[in-house]
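Please read the structure below before turning to the comments.
All heavy atoms count here, side chains included; hydrogens, waters and symmetry mates do not.
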Amino acid sequence: MLLVESLFHHGLSELPVLHTRANGTYLGYMVYEKGHLAFKDSGLFSWAEPIETDWTKYCIGMVCYREMLQWKSLSFYGLDYCEIGEEVNPDLMSSLTEVKNEFGDRLFDFVGSIYRAYKLLLANDFLPVVLLRQTTSKNNHPGLVIGDLRATPLPPEIMSEVRELIVQTLEIRLTVGLEEIAS
């Protein structure tokens, strides 16, 4: 929980999180409610049965926070920098190594702002969602797994709505700190 709380303070609240419990699977956001960190369902979809996906096969990276990096947002580490431990789906691995942006960044060994990574993922038809599963980078930095939601058995119309939800998270938002409002 300490990791989730730390990531929350650095922007995890802006990213869709897939949460599976014994009574179902939900897509939503991490929020503070009555002084406690909680998961709030988006209402986009709710499955009475948990979606059983082997996320180790459909992991596309991890989200973490590194204060010493040049960007202020959360960071995305591609699979090449993650300790996943299991065999990733070969087709997914091939896609991650082939996809590049105009700057030469590949998804497989990408290290950068979570927002830049998500734009690259969406531009190449991935559906990135944060999973509440801890992992570490190869330099032993903790983070949460990001999975490709396309691995789940969701209907196409739900996939389209999830994509739109993720795109909305990337829109530029004006953020004003409380200290700036008070002055």
Just checking, any donor-acceptor pair under 3.5 angstrom between side chains of Thr53 and Thr152?
no

Salt bridge (Lys or Arg N to Asp or Glu O under 4.0 Å) partners for Arg163, two or more places apart:
none

Quick one: pull up CD in Glu83 and CG in Asn140 and give me the separation to the nearest 0.5 Å.
8.0 Å

Within the 4.5 Å heavy-atom criterion, are Val162 and Met159 side-chain neighbours or not?
no

My understanding is that only residues two or more places apart in sequence, or in another chain, count here; which of them pass ring-ring contact (aromatic ring centres under 6.0 Å, His included) with Tyr65?
His10

Quick one: which residue pairs count as a salt bridge (Lys or Arg N to Asp or Glu O under 4.0 Å) with a foot in residues 144-154, not counting sequence neighbours?
Asp148-Arg150

Measuring from atom OH of Tyr29 to atom CD of Glu14, what distance do you get when rounded to the nearest 0.5 angstrom?
9.5 Å

Looking at Lys40 and Gly28, would you say the former's side chain and the latter's main chain have a donor-acceptor pair under 3.5 Å?
no

Do you know which two heavy atoms are closest between Pro128 and Leu121, and how far apart they sit?
CB-CD1, 3.7 Å

Quick one: are Lys138 and Asp80 in side-chain contact, heavy atoms under 4.5 Å?
yes

Specify the closest pair of heavy atoms between Leu79 and Gly61, including all atoms of both residues, with the distance to one decimal.
CD2-N, 4.1 Å

For a quick test of reading the model, state the closest non-hydrogen atom pair linking Tyr81 to Asp109 and the distance between them.
CE1-O, 3.1 Å

When every non-hydrogen atom of Asp105 is compared with those of Leu120, the smallest separation belongs to O-CD2, 4.0 Å

Is there a side-chain contact between Leu7 and Leu15 in this structure, where contact means two heavy atoms from C-beta onward sitting under 4.5 Å apart?
no

Please give me the minimum heavy-atom distance between Pro16 and Leu27, naming the atom from each residue.
CB-CD1, 4.0 Å

Hey, could you give me the CG/CE distance between Leu74 and Met62, rounded to the nearest 0.5 Å?
10.5 Å

Please identify each residue that fulfils ring-ring contact (aromatic ring centres under 6.0 Å, His included) with Phe8, with sequence neighbours left out.
Tyr32

Quick one, Leu131 and Leu144 - any side-chain contact, counting heavy atoms below 4.5 Å?
no

Closest approach of Gly147 to Ile60 (non-hydrogen atoms, all atoms of both residues)
O-CD1, 3.9 Å

CD/Glu157: more than 12 non-hydrogen atoms of other groups inside 6.0 Å
yes

Side-chain touch Met93/Phe108, heavy atoms, less than 4.5 angstrom:
yes

Is any side-chain heavy atom of Tyr77 closer than 4.5 Å to a side-chain heavy atom of Arg66?
yes

For the side chain of Ser160 and the backbone of Pro156, is there at least one donor-acceptor N/O pair under 3.5 Å apart?
no

Nearest-0.5 Å distance, CD1 of residue Ile158 to CG of residue Leu165:
11.5 Å

Can you tell me how far apart CG (Asp54) and CD (Glu87) are? Round to the nearest 0.5 Å.
11.0 Å

Residues passing the ring-ring contact (aromatic ring centres under 6.0 Å, His included) test with Phe126, sequence neighbours excluded, are none

Under 3.5 Å: donor-acceptor pair, side chain of Ser13, backbone of Met30:
no

Could you tell me which residues satisfy salt bridge (Lys or Arg N to Asp or Glu O under 4.0 Å) with Asp125, sequence neighbours excluded, listed by chain and number?
none

Say you draw a straight line from CH2 of Trp55 to OG1 of Thr20; how long is it, rounded to the nearest 0.5 Å?
7.5 Å

